[in-house]
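For reference, the structure discussed in these notes is given below.
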Amino acid sequence: MRFSDLLVALDLVPRNQVDETLARQAQTGRPLGELIVEAGLLSARQVQELQDGLPPPPDTLPQLGIDSRIVFDILVKYLSTAGQGTTASIAETLAISRRLSAALIESARAQGIVELKPGIVAGELRVELTPRGRSMAVEAFANNAYIGPLPISLAEYSQRVLRQTIRGETVTAQAVASAMQPLVVGEELLAKVGIAANAGRSILLYGAPGNGKTSIAERMVKVFGAMVLVPHCFEVGGQIVKVFDPSVHRRLGLRNDRPVAASLLADEFDPRWVPCRRPFVAAGGELSLDMLDLKFEETARFYEAPLHVKAMNGVLLIDDFGRQLVRPEALLNRWVVPMDRRIDFLKLHTGQSFQIPFDQLLVFSTNLSPRDLMDPAFLRRLPYKIHVAGPSVEDFAGLLHANADQHGVEYPEAAIIWTIEAIQRHGTMLAYYQATEIPQQIADFCRFLGRPPVADESTIGFALGNLLVR
């Protein structure tokens, strides 16, 4: 990963100015950070803070911090599968610098594991396995079939998690208000959400359905602007645990056409770490207890990290709490220690247990009564219990009118009053989702029948007939 691409990804310096600075660096050979400061693009403190937070690329095998056997096992499995490799292809596959790739090849040659073959591939000599290397590959595949970026040690991963803790950022009222757009959220609710996010402690969002609890939780991760580093995987007890998940982690540092990791100068910090926005992970009714444990792939023989580990340093939403496959008490019992002590314990299939940080903003969202879901002891462990109420009549009317305009529906004032009174006569509480759904259904109704999109008793009645249960 290039430091220059990271500056662009974090919206710190525009791409054109970074490219100009890179051109000056190529001419002068001076450090990029020094030129960035000299050009007045960032302060020296900003550059230093960002560079200090990035792990340097290892240049030697000991600097990787993991057993060298793991490194050679992944190398021989890659070469066995690919048939051959080069310094560049090995560096890209194992997520290491080219300097370390060259050193690794030289070490493997000295041990009789690989040999250089005549012929040039992309300007580099071909590297192939020797008979001894092929024998090692068979043994390595018997242990696990993992081929990819080298793992981080568990100790290094834990240290990084604590360094970039969710509690390390200061959340501002302006950031919260911006993150909640375009939701209609009152000032009191905004303040409660902001204070809870700033504290980084467990939150319970509760209230009637359809008033934005899930939407609020989904936007909470946006109040945090800092980058976090996520490892492709980590190693514990000789086992590989995959963490980085493209479906969860929003990767930074990608150019429009290709990932910059393939660049010749792409080793300005350890490529085994992926720079990402803080992650957001949600689990609803499908959540079961085994999803909170390591998932061992029987065929490949390596592990997939559980949900809360993928959400590390980010936000984990337990949506529709109380409607999961697992009972609420069982789920809360599973997290008693993590919520209190900020650590968790996971177990390998070998029986070995290990400790890992528990660092995420844990948000529970439910439309059930909290008193029916948990006893007072568990309620105490959720320090921020935020009631998300429905709209007032005035807020509902304003939102209904705004959504009608958005869908091109003519919604007279009298029709708005009639809508509100009809809902109240039904005995149903006003909810934000109604003000969104009614204009949409009126537009759908009129489009199907070829009628002008106007809210009247017939079109409103059609929409309410779909929304309200008799």
Is the shortest side-chain heavy-atom distance between [X] and [Y] below 4.5 Å?
| X | Y | result |
| --- | --- | --- |
| Leu449 | Phe462 | no |
| Lys347 | Phe345 | no |
| Asp293 | Pro306 | no |
| Val337 | Asp344 | no |
| Glu169 | Val223 | no |
| Trp273 | Phe244 | no |
| His426 | Leu464 | no |
| Ile66 | Pro151 | yes |

More than 12 heavy atoms of other residues, nucleotides or ligands under 6.0 Å from [atom1] of [X]: yes or no?
| X | atom1 | answer |
| --- | --- | --- |
| Glu286 | CD | yes |
| Arg250 | CZ | no |
| His401 | NE2 | no |
| Met339 | CE | yes |

[X] with [Y]: basic N within carboxylate O range, under 4.0 Å:
| X | Y | result |
| --- | --- | --- |
| Asp340 | Arg381 | yes |
| Glu156 | Arg160 | no |
| Asp19 | Arg15 | yes |
| Asp456 | Arg451 | yes |

Tell me yes or no: between the side chains of [X] and [Y], is some donor less than 3.5 Å from an acceptor?
| X | Y | result |
| --- | --- | --- |
| Asn367 | Arg323 | yes |
| Asp320 | Gln324 | no |
| Thr419 | Tyr411 | yes |

